[in-house]
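In what follows, a single structure is set out as structure tokens and then discussed.
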Amino acid sequence: MSAREIEYGKEAFERILACCVDRIEAGELRARLDQARQEQRPLRVKFGMDPSSADLHVGHAIALRKLRQIQELGHKLVLIVGDSTAMVGDPSGRNKLRPQLTRQEVEQNLVTYTDQAAKLVDLSRAEVRRNSEWFDAMRFEDVLRLASKMTVARMLERDTFQKRVQDNEPIGIHEFLYPLMQGWDSVEIRCDIEFGGTDQLFNLLVGRELQRVQGQLPQVCLTLPLINGLDGRKMSKSYGNAILLTDAPNDVFGKTMGLKDEVMAVWFELLTDVPADERQALLSGGFREAKARLAEEITSLVHGREAAVAARQHFDRVFRDRELPAEIPLVEYAHPWPAGGLPLSILLRELGLAESSSQARRLVEGGGVKLDGEICRDANQVVLRPTIPLLVQVGKRRYLRLVAK
RNA sequence: GGGGAGGUUCCAGAGUGGCCAAAUGGGCCAGACUGUAAAUCUGGUGGCACUGCCUUCGGGGGUUCGAAUCCCUCUCUCCCCA
């Protein structure tokens with residue numbers, strides 16, 4: 001296997017900086033590329049992800065796409081899995097104390113995490129490091145030394161902390177440690193460039209400072225735009241407004257179709273490879289068509305082109321043409337069917353179409369449940385053992401064909 | 001260490017002895033409408049084989065015919081003073 005060609009020139013410089021919001025310092029990047037060329041080595045480009053929730057979303061995909069480009073330029077992606085930092089909880093962009101995760105929870109999240117990241121970057125060529133590697137080895141003394149590099153005043157300058165002070169929200173001392181930990185990761189891996197969301201700027205800069213203190217060349221800090229979620233707030237799994245990388249293709253497509261028209265341009269730019277002139281043409285045509293294309297691109301990004309095309313067909317069929325989906329899962333009722341039949345509310349609960357029989361009752365009474373295409377408004381209606389598959393439909397998105405054992 | 005203010009249903013936040021399964025807003029779910037899972041409007045939003053019953057208002061104990069509301073205690077958070 002021959003060594004990959006590494007790109008150090010103007011093209012690399014520009015591609016690295018493309019889409020970045022903060023560039024601290026772009027000039028240093030130039031010098032850093034030259035230096036790396038002389039030393040015949042790739043730049044070490046860091047990106048950190050805390051396995052603090054189990055799922056990545058398309059907001060993360062902006063960074064991951066960027067990192068893939070960096071890999072294509074031949075530079076080294078160093079992916080930090082923040083298993084130690086996840087136990088602290090990043091206070092960035094948070095107006096509340098984050099729950100501290102246990103080691104066990106972090107371990108669980110970690111597995112799905114790297115799998116998801118692998119959809120978008122080549123992990124086999126990346127260096128994946130857990131930061132517990134060095135933090136577990138630290139003694140309290142080391143922690144104190146690290147903590148002395150930062151002042152309370154500087155920490156309190158941060159908006160998020162200010163707001164919390166104003167709102168009488170608690171701030172844990174450990175939260176002050178977070179930026180230092182993230183910064184220390186940069187020292188440990190001798191980072192050349194660190195990427196993060198715009199909310200990460202402070203943390204990234206701490207990395208610079210710590211590197212300087214430790215006699216390393218300070219990293220270049222580049223931030224990427226954060227993307228808003230379906231409701232306009234910052235996209236976050238915990239707000240429930242995210243398109244997750246684990247969402248089924250139909251959901252990725254459908255959620256994208258629900259985006260506000262105004263944000264389409266940004267999504268096209270940050271999340272697709274559609275060239276600028278083509279994007280322009282799409283956006284000046286019909287919104288519906290443009291958004292369908294966007295949805296297809298996003299779905300393709302997560303699940304591949306084939307799945308994306310199928311998702312688009314499904315969407316058109318179900319939501320535009322108001323027809324039944326092409327494929328409806330056949331579900332076998334798990335228990336023996338009672339001789340006297342089964343009240344609808346109980347059936348829906350048992351099928352997992354409602355969380356409780358009360359909720360099922362509400363769904364039925366609200367007109368959201370159809371049996372064989374007929375709206376059924378009586379939650380007490382007894383459903384007899386189906387002899388042929390019974391089409392059960394809850395809302396616009398949940399369908400199944402039910403058979404008895 | 002001392003003093004004060006608080007902890008309410010997914011979230012914010014009303015409620016200070018019965019009319020409280022708990023206002024209002026957000027979120028979420030469903031319905032109508034639509035190019036769309038957008039926007040808007042409507043309804044719903046503890047559980048139960050449900051016209052009734054059961055369990056909720058930080059934990060535990062108590063007063064009372066009756067407590068989210070009163071008392072005791074524990075616990076957590078915030079503020080002020082030291």
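Sequence lines set the chain letters: A, B, ... in the order given, protein chains first and strands last, and positions in each chain run from 1.
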Would you classify A:S356 as touching base, sugar-phosphate or nothing, given that sugar-phosphate means primed atoms plus P, OP1 and OP2, and contacts are heavy atoms under 4.0 Å?
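Sugar-phosphate, no base atom in range.
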Need one value for A:R377: base, sugar-phosphate or nothing, where a base atom within 4.0 Å counts as base even if backbone is also close, heavy atoms only.
nothing
Once you apply the 3.5 Å cut-off to both distances, tell me the Watson-Crick or G-U wobble partner of [N], or none.
{"N": "B:rU77", "result": "B:rA5"}
{"N": "B:rC65", "result": "B:rG18"}
{"N": "B:rU45", "result": "B:rG27"}

Is A:E194 salt-bridged to A:R208, going by a charged N under 4.0 Å from an acidic O?
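Salt bridge absent between A:E194 and A:R208.
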How many Å lie between [atom1] on [X] and [atom2] on [N], as a whole number?
{"X": "A:R293", "N": "B:rG35", "atom1": "CZ", "atom2": "C1'", "answer": "18 Å"}
{"X": "A:L342", "N": "B:rA49", "atom1": "CG", "atom2": "P", "answer": "10 Å"}
{"X": "A:L348", "N": "B:rG44", "atom1": "CG", "atom2": "P", "answer": "20 Å"}
{"X": "A:R398", "N": "B:rC29", "atom1": "CZ", "atom2": "P", "answer": "9 Å"}
{"X": "A:I346", "N": "B:rC50", "atom1": "CD1", "atom2": "C1'", "answer": "10 Å"}

Phosphate OP1/OP2 of B:rG44 contacted by A:R361 side-chain N/O (<4.0 Å):
no
Under 4.0 angstrom between A:R362 side-chain N/O and B:rG47 OP1 or OP2:
yes
Check: B:rC50 base within 3.5 Å donor-acceptor of A:S345 side chain
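Not at all, since no donor on one side and acceptor on the other fall under 3.5 Å apart.
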Is it the case that over 12 heavy atoms from other parts of the model lie below 6.0 angstrom from the CD atom of A:Q214?
yes
Atom CZ of residue position A:R41 - does it have more than 12 heavy atoms of other residues, nucleotides or ligands inside 6.0 Å?
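Yes - once you tally the heavy atoms of other residues, nucleotides and ligands closer than 6.0 Å, there are more than 12.
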Output a table of nitrogen or oxygen pairs between the protein and nucleotides 37-41 of chain B separated by less than 3.5 Å.
residue	atom	partner	partner atom	Å
B:rA37	N6	A:N250	O	3.0
B:rA37	N6	A:D251	OD1	3.2
B:rA37	N1	A:R397	NH1	3.4
B:rA37	N3	A:R397	NH1	3.2
B:rA38	O4'	A:G258	O	3.0

Going from CG on A:L67 to NZ on A:K46, what distance comes out if it is rounded to the nearest 0.5 angstrom?
12.5 Å
Answer yes if the ring centres of A:Y333 and A:H335 are under 6.0 angstrom apart, and no otherwise.
yes
B:rA49, B:rC29, B:rG35: which one has an atom nearest the side-chain heavy atoms of A:P338?
B:rA49
side-chain hydrogen bond (donor to acceptor under 3.5 Å, both in side chains) contacts in which one or both residues fall within residues 73-85 of chain A, not counting sequence neighbours
A:D50-A:T85, A:D83-A:R130, A:D83-A:S132, A:T85-A:N131
Answer syn or anti for B:rU51, where the cut-off is 90° from 0 on the glycosidic torsion.
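Syn conformation here, the glycosidic angle of B:rU51 being no more than 90° from 0.
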For A:F13, enumerate each residue passing the ring pair (Phe, Tyr, Trp, His ring centres under 6.0 Å) test, keeping only those at least two apart in sequence or located in another chain.
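Scan of A:F13 (ring pair (Phe, Tyr, Trp, His ring centres under 6.0 Å), adjacent residues dropped) gives none.
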